[in-house]
Amino acid sequence: MLSIAQIDHRFVQSIFCFCGISRSICSTSNGFIDGFQRIEKYLIDYRKSSNCDTVSDENQEEESVDSVGTSGRYEEEEEEHHQQNVFNRSSFLRNTKNAAAMALKVLQQDGPGFDARSALDNLEIQVSGLLVREVLIGILKNINQANRERCVKLGYKFFIWSGQKQDYNHTVNTYHLIMQIFAESQEYKAMWRLLDEMTEKGYPVTSRTFNIFICSCGEAGIAKKVVERFIKSNSFNFRPFKHSFNAILHSLHAIKHYNLIEWVYQQMLADGRQPDTLTYNIIMYAKYRLGRLDQFHSLFDEMGRNGFPPDLHTFNILLHIYGRANKPAEAVVHLSMMKEAGIEPNVLHFTNLIDALSRAGNMDACKYFFDLMVEQGCEPDVVAYTVMINAHIAGGQFEKAEEMFSDMFDNGKIPNVYTYNTMIRGLCMAGKFEYACLMLKEMESRGCNPNFLVYKTLVSFLKNAGKVFEANEVIKGMVEKGQYGHLLKRIKKYKRC
DNA sequence: CTAGGGTTAG
């Protein structure tokens with residue numbers, strides 16, 4: 001709670017500074033002044049109404065030093081004050097959630113003969129960034145193929161309605177949410193319009209914005225246009241990266257768009273930009289994924305020639321490649337090269353290597369590096385255990401996988417969705433269907449929410465084994481939880497194959 | 001702190 005409050009406070013303050021500066025720069029444009037004055041007024045009110053509770057949090061720290069052994073009463077007052085603020089904040093959260101639920105209900109009634117706008121007005125709810133966020137997320141969560149047009153309409157109606165409220169301005173986050181809603185319905189024109197609007201109003205366009213756009217376009221031609229627009233954009237906030245190319249390359253890397261990475265790199269060179277370590281690492285990884293290992297190696301050489309020695313990420317990629325090629329000896333050599341370069345191999349390196357080796361089918365090497373990792377004082381975490389469990393299952397050694405699973409508990413590591421899904425898959429492959437179903441129950445009772453993939457894994461294995469009844473029971477349980485009903489088709493489709 | 005590791009999928 002405290003840390004959230006502090007972040008909020010800093011955020012508000014930084015916007016404050018930002019407003020002050022921009023106002024003095026743009027003092028000729030009336031539109032800007034009005035816009036910022038509105039934001040500023042809102043912020044002043046916000047600080048008043050929130051009673052500057054965040055400030056008192058900070059003061060508390062200083063005062064606790066000053067007031068050691070002096071005024072106990074003062075501390076009590078502070079404490080009371082603090083509790084009051086915690087109470088205010090949680091009731092604000094609760095009220096906002098209720099208001100959002102009411103707004104969603106009103107929106108659902110929208111249709112001919114129903115004026116949603118005035119119905120929303122009649123609710124007399126306080127519009128805040130949190131409220132708009134709650135409502136838009138509520139819409140986004142329920143969106144599916146069948147209702148998406150209506151969802152877009154309702155979402156946009158609410159976006160416009162809330163944006164017109166006095167003392168409220170949309171945030172970058174609410175823009176992103178409405179863009180995501182449009183993206184679900186492939187309303188690209190509307191997305192571009194919103195992007196222009198953000199830029200006009202001086203909102204920072206971030207890599208999140210880029211991500212929403214790039215994920216929404218299937219065609220390569222459109223994707224290139226998106227990239228071009230963001231590279232050229234003056235309002236693109238590419239921090240923490242050095243320039244927009246690296247920010248874009250990193251986003252593309254995260255969504256595994258390797259072809260586009262090659263293209264962006266060409267644009268970057270044409271633009272006269274020099275690649276740095278980050279650029280090289282991403283390009284090299286893309287080359288590897290595209291199966292162009294010769295280019296990978298020439299880039300690696302080029303990188304060294306240009307004064308960029310391999311860093312921990314570079315070594316991570318190298319280890320992965322040697323693992324996949326089933327060259328454990330090379331991996332050993334590189335591990336010691338890393339150490340010579342002053343880079344200690346950590347869990348991520350070992351996990352990565354073990355995963356790659358398991359894909360190459362070398363179970364002995366997997367075990368060797370797992371033990372080496374522990375020996376070197378590197379504690380395996382959930383991912384490392386999951387990768388080992390997966391390796392054993394891939395090698396058909398289910399008992400070993402189970403052993404790992406219980407070792408994991410002994411070492412105090414809590415399995416997550418990946419782990420459970422891997423175990424359920426393993427149990428199915430071993431023909432232990434009752435256990436697989438029990439494992440699903442277990443993960444639920446341990447508070448680990450099964451995702452769609454978990455259900456899909458279990459159901460498809462059950463169906464393929466002719467256990468239709470059990471499969472339907474699992475589906476029933478899934479639908480009862482009410483989250484993945486709209487994805488049912490995907491399981492059925494699987495059945496027909 | 002702020003680039004890195006995982007459910008084989010078409």
Side-chain angles (χ1 to χ4, degrees), chain A residues 3 7 206-208 211 237-243 245-256 261 275-286 288-289 308 310-321 323-324 331 338 343-361 366 369-370 373 378-395 401 404-405 408 413 415-429 436 439-440 443 448-461 490 493-494 497:
Chain A
S3 61
I7 290 166
T206 66
S207 52
R208 173 86 194 112
N211 222 50
N237 186 348
F238 45 77
R239 282 176 306 171
F241 301 97
K242 263 198 210 135
H243 40 72
F245 286 101
N246 273 4
I248 284 169
L249 286 170
H250 181 253
S251 287
L252 294 174
H253 173 71
I255 59 170
K256 305 177 200 287
I261 288 177
D276 60 6
T277 311
L278 169 83
T279 326
Y280 277 118
N281 283 339
I282 293 176
I283 306 302
M284 279 162 51
Y285 190 71
Y288 154 68
R289 293 302 298 240
F308 298 105
D311 70 349
L312 72 167
H313 297 101
T314 324
F315 278 115
N316 208 10
I317 303 169
L318 285 170
L319 288 168
H320 184 81
I321 290 176
R324 292 276 322 225
M338 279 178 75
I343 304 165
E344 268 309 302
N346 60 30
V347 219
L348 279 81
H349 294 109
F350 282 108
T351 309
N352 195 280
L353 174 59
I354 292 169
D355 182 50
L357 283 164
S358 83
R359 287 166 202 272
C366 290
F369 285 108
F370 189 83
M373 166 170 73
C378 219
E379 209 193 342
D381 61 7
V382 211
V383 184
Y385 276 112
T386 307
V387 164
M388 274 304 274
I389 290 169
N390 191 35
H392 279 126
I393 288 170
M404 269 286 155
F405 190 65
M408 183 178 169
K413 298 290 177 287
N416 61 24
V417 217
Y418 286 79
T419 325
Y420 278 114
N421 190 37
T422 306
M423 280 304 284
I424 288 173
R425 206 180 61 240
L427 283 163
C428 287
M429 284 165 73
M439 192 62 92
L440 178 69
M443 72 186 285
C448 179
N449 218 348
N451 58 21
F452 180 67
L453 201 64
V454 176
Y455 290 113
K456 202 179 124 173
T457 303
L458 189 50
V459 169
S460 49
F461 270 105
R490 293 206 205 163
K493 211 191 266 172
Y494 201 90
C497 293

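Quick note on labels: first sequence line is chain A, next is B, and so on, each numbered from 1. Computed from a predicted model, the values in this text were never measured in an experiment.
Heavy atoms of A:Val383 sit under 4.0 angstrom from at least one base atom. Residue-level contact check: A:Thr386 touches the bases, meaning some heavy atom is under 4.0 Å from a base atom. Note on A:Asp276: nothing from the nucleic acid sits closer than 4.0 angstrom, heavy atoms only. The residue A:Arg359 sits close only to the backbone: its heavy atoms come under 4.0 Å of sugar-phosphate atoms, none of a base. Base contact: A:Val347 has a heavy atom under 4.0 Å from a base atom. Within the nucleic acid shown, A:Ala254 has no heavy atom closer than 4.0 Å to any nucleic acid atom. Here A:His349 lies in heavy-atom contact (under 4.0 Å) with a base. Base engagement by A:Thr419 is indicated by at least one non-hydrogen atom pair under 4.0 Å involving a base atom. Among the protein residues, A:Ile354 comes within range of no part of the nucleic acid, since none of its heavy atoms lies under 4.0 Å from any strand.
As a whole-Å value, the separation of A:Leu453 CG from B:dA9 C1' is 11 Å. B:dA3 atom C1' lies 17 Å from atom CZ of A:Phe315, rounded to whole Å. Taking atom CG on A:Asn316 and atom C1' on B:dG4, their separation rounds to 5 Å, with Å as the unit. Counting to the nearest Å, the P atom of B:dT8 and the CZ atom of A:Phe461 are 9 Å from each other. With rounding to whole Å, A:Leu278 atom CG is found 12 Å from B:dT2 atom C1'. Atom pair A:Glu344:CD and B:dG5:P shows a separation of 20 Å (rounding to whole Å applied). For A:Asn246 and B:dA3, the CG to P distance is 11 Å, given to the nearest whole Å. Protein atom CZ of A:Phe369 is 19 Å distant from nucleotide atom C1' of B:dG6, rounded to whole Å.
Taking a centre distance below 5.5 Å and an interplanar angle below 30 degrees as the stacking criterion, A:His250 does not stack against the six-membered base ring of B:dA3.
Checked by distance alone, A:Asp381 brings a side-chain donor or acceptor within 3.5 Å of a matching partner on the base of B:dG5. Between the side chain of A:Asn281 and the base of B:dG4 there is no donor-acceptor pair of N/O atoms closer than 3.5 Å.
Checking B:dA3, B:dT8, B:dG5 against the side-chain heavy atoms of A:Arg425 singles out B:dT8 as nearest. For A:His313, taking side-chain heavy atoms from C-beta onward, the closest of the listed nucleotides B:dA3, B:dG5, B:dG6 is B:dA3. Of the candidates B:dA3, B:dG6, B:dG4, the closest approach to any side-chain atom of A:Phe241 belongs to B:dA3. For A:Asp311, the side-chain atoms get nearest to B:dA3 when compared with the rest of B:dG6, B:dA3, B:dG5.
By the 30° and 60° cut-offs, the orientation of the rings of A:His320 relative to A:Tyr288 is perpendicular.
Taking only side-chain nitrogens and oxygens, A:Asn390 comes nearer than 4.0 Å to OP1 or OP2 of B:dT8.
Along DNA chain B, the nucleotide closest to A:Lys256 and the one closest to A:Ile282 are compared, and the more 5′ of them pairs with A:Ile282.
Taking CG from A:Leu249 and CG from A:Leu278, the interatomic distance works out to 7.5 Å, rounded to the nearest 0.5 Å. Taking CG from A:Asn451 and OH from A:Tyr418, the interatomic distance works out to 8.0 Å, rounded to the nearest 0.5 Å.
A:Asn352 and A:His349 are not linked by any side-chain donor-acceptor pair at a separation below 3.5 angstrom, with hydrogens and angles left out of the test. Using modelled atom types, one finds no donor on one side chain facing an acceptor on the other under 3.5 Å when comparing A:Asn316 with A:Asn281. A donor-acceptor contact under 3.5 angstrom links the side chains of A:Asn246 and A:Thr279, judged on distance only.
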